[in-house]
Protein chains: 2
Amino acid sequence: MARRTPTIPEATVARLPIYRRALVELDESSAINVSSERLAEMSGVNAAKVRKDLSYLGSYGTRGVGYDVDYLLFQVSRALGLNNDWPVAIVGSGNLGQALANYRGFTQRGFPVAALIDVDDKKVGATVHGIEVHHVDRLEDLVAELGIAIGIIATPAGAAQAVADRLVEAGIQSVLNFAPVVISVPDGVPLRQVDLATELQILSFYQQRNAASDR
Amino acid sequence: MARRTPTIPEATVARLPIYRRALVELDESSAINVSSERLAEMSGVNAAKVRKDLSYLGSYGTRGVGYDVDYLLFQVSRALGLNNDWPVAIVGSGNLGQALANYRGFTQRGFPVAALIDVDDKKVGATVHGIEVHHVDRLEDLVAELGIAIGIIATPAGAAQAVADRLVEAGIQSVLNFAPVVISVPDGVPLRQVDLATELQILSFYQQRNAASDR
DNA sequence: TAGATTGTTAATCGATTAACAATC
DNA sequence: TAGATTGTTAATCGATTAACAATC
């Protein structure tokens, strides 16, 4: 099988959304071209890295000129698989789940929130920011009916693994976990884990180290 | 100046909170000892990495036995600077800001939410989950009065950089940015940037790649 | 042609991991 | 002593970056 692109390094994939955001901004400001220098500055990385990263997608720049904003935005979006929408379901309708449901960034960027799912009968049937809350018993049906591609876990830690198992079993394509617990999914199912407290603890470490070196 | 520990690699620092979480769980289940093998399993990494990471903190295990859960939890917590609380202020009282304010995980883990700050007069004076909303004009006062250590930015993208500048100017120690824009802070100010849409886009990439290889 | 900027090379740096001696 | 498991070494792998030839 001929591959169109060589495999793109993980570190590069993680930066593509950052570049894309910068490109959207440039596009909105009607910029035609952008140099790796400028793109690097907007993305908080160095220019060599930008060029190397973009070179994995193909050869889309023009020497002496830079990159065509429109065209590069298209190519980056395509590489990220953002040509079509990926409906998401949020499992767990607590505070975090509701906030995520209401986060315009998701729908805006091609990830419509198709359903909120909860285990609490009292929440089921309600509508949060225009999204209906369904009972977790219907999880499998919803995935099929609504064509859910991504499951977002916003449950308490104790429920997260079981939910992940059910999502995968139901045929979900990838999982984003916000519960403060490490979960596992079968090989080949993309998984990202984001823990808000972890981020604060990392800051705490560096804060403390700075304080120590100031003394 | 004699350093107690050699510098701990960034990748290791980022994993310490994960190990800590596993240790808390073990502690709650009254486990006395834990092997690197078990800790690795709970943390979703491999055992050699756990041992290497922990070795940067010191030599706290016992060959043939494993690590004392209590003692290791203490050492990891200390390394992370979690002996004392770090009050945080959340700037931006929109959906995300309010959800973060209500996230029990923060206070529970030593990061009490001391203030919510917003630019909208209509929100100021209200109380969200027991936390008063202050006007952004008072940002500098609040940082000083409440001893805010960490500023959490949950504003729209357009306001984020200016808020970061003011937080730093006011003497904040580190910044956690949730706004979907790259911001910069002076060297030496720890900064973490979390973008929810970025996470979804990374999943989209791998999802698409899986779909391509299935074909 | 002169100036600008990409795409790629190669050196360097940091992170991961298997293996095993040390030691409980 | 036998079995278990750490702490550390060294090999390997992947990511970063400076430098520059290619080329607009």
Side-chain angles (χ1 to χ4, degrees), chain A residues 4-19 22-23 26 31-73 75-76 79 182 202 205-206 209, chain B residues 4-19 22-23 26 31-73 75-76 79 182 202 205-206 209:
Chain A
R4 210 191 303 106
T5 47
T7 53
I8 302 179
E10 268 191 57
T12 296
V13 173
R15 282 187 294 267
L16 291 179
I18 316 280
Y19 301 148
L23 289 166
L26 287 162
I32 304 296
N33 291 299
V34 64
S35 65
S36 59
E37 192 77 48
R38 175 86 183 104
L39 202 45
E41 192 199 339
M42 295 178 75
S43 307
V45 301
N46 98 13
K49 197 183 270 180
V50 168
R51 291 198 298 277
K52 184 121 239 258
D53 283 341
L54 295 179
S55 76
Y56 290 111
L57 307 186
S59 195
Y60 299 134
T62 306
R63 286 162 209 249
V65 177
Y67 301 87
D68 182 285
V69 171
D70 246 15
Y71 185 54
L72 188 59
L73 175 54
Q75 291 296 350
V76 171
V182 173
I202 294 172
F205 174 88
Y206 288 108
R209 206 186 51 179
Chain B
R4 212 193 300 107
T5 47
T7 52
I8 302 180
E10 268 191 57
T12 295
V13 173
R15 282 187 295 266
L16 291 179
I18 315 280
Y19 300 149
L23 289 166
L26 287 162
I32 305 296
N33 291 297
V34 64
S35 65
S36 59
E37 191 77 48
R38 175 85 183 104
L39 202 45
E41 192 198 338
M42 294 176 76
S43 307
V45 301
N46 98 13
K49 197 183 271 180
V50 168
R51 291 199 296 278
K52 184 118 236 257
D53 283 341
L54 295 179
S55 76
Y56 289 112
L57 307 187
S59 195
Y60 299 134
T62 305
R63 286 162 207 249
V65 177
Y67 301 87
D68 182 286
V69 172
D70 247 15
Y71 186 54
L72 187 58
L73 176 53
Q75 291 295 349
V76 171
V182 172
I202 294 172
F205 174 89
Y206 288 108
R209 206 186 51 179

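Hydrogens, waters and symmetry mates play no part in the numbers below; they use all other heavy atoms, side chains included. Proteins come first, then strands; the chains are lettered A, B, ... in the order of their sequence lines, and each starts at number 1.
- For the pair B:Asn33 and B:Thr62, the minimum side-chain heavy-atom distance is 4.5 Å or more.
- Residues B:Glu10 and A:Phe205 have side chains not in contact (no heavy-atom distance under 4.5 Å, counting atoms from C-beta outward).
- Along DNA chain C, the nucleotide nearest to B:Ala11 and the one nearest to A:Leu54 differ in position, and the one closer to the 5' end is contacted by A:Leu54.
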Quiz: residues 45-54 of chain A side-chain donor-acceptor pairs under 3.5 angstrom, not counting sequence neighbours:
| residue | atom | partner | partner atom | Å |
| --- | --- | --- | --- | --- |
| A:Asn46 | OD1 | A:Ala48 | N | 2.9 |
| A:Asn46 | OD1 | A:Lys49 | N | 3.0 |
| A:Arg51 | NH1 | A:Ser36 | OG | 2.9 |
| A:Asp53 | OD1 | A:Thr12 | OG1 | 2.6 |
| A:Asp53 | OD1 | A:Arg15 | NH2 | 3.1 |
| A:Asp53 | OD2 | A:Arg15 | NE | 2.7 |
| A:Asp53 | OD2 | A:Arg15 | NH2 | 3.3 |
| A:Asp53 | OD2 | A:Tyr19 | OH | 2.6 |

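- Nearest approach of B:Val76 to B:Leu16, heavy atoms of both residues: CG1-O, 3.8 Å.
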## Note on the structure
Its dot-bracket string being built from Watson-Crick and G-U pairs below 3.5 Å, with | for another strand and [ ] for crossing, DNA chain C has the pattern ..||||||||||||||||||||||
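- Side chains of A:Ile8 and B:Arg209 form no contact here, defined as non-hydrogen atoms less than 4.5 Å apart.
- Nearest-nucleotide positions on DNA chain D place B:Val34 closer to the 5' end than the other of B:Val34 and A:Gly64.
- For residues 40-52 of chain B, proximity to DNA chain D is found at B:Arg51, B:Lys52, defined as any non-hydrogen atom under 4.0 angstrom from a strand atom.
- Applying the side-chain hydrogen bond (donor to acceptor under 3.5 Å, both in side chains) test to A:Glu41 and every residue at least two apart in sequence or in another chain returns A:Arg38.
- Legend: salt bridge (Lys or Arg N to Asp or Glu O under 4.0 Å) pairs involving residues 64-73 of chain B, not counting sequence neighbours: none detected.
- In this structure, B:Leu72 and B:Leu39 have side chains that are in contact, with non-hydrogen atoms separated by less than 4.5 Å.
- Contacts of A:Arg38 with the nucleic acid, taken as non-hydrogen atoms under 4.0 Å apart, are absent.
- Within 4.0 Å of A:Glu10, counting heavy atoms only, lie sugar-phosphate atoms of the nucleic acid but no base atom.
- Side-chain contact check for A:Leu23 versus A:Tyr67: every heavy-atom pair is 4.5 Å or farther apart.
- Here the closest non-hydrogen pair linking A:Pro17 and B:Ile202 is CG-CG1, 4.1 Å.
- Protein chain B touches strand DNA chain D; the 5'-most and 3'-most nucleotides with an atom under 4.0 angstrom of its non-hydrogen atoms are D:dA4 to D:dT9.
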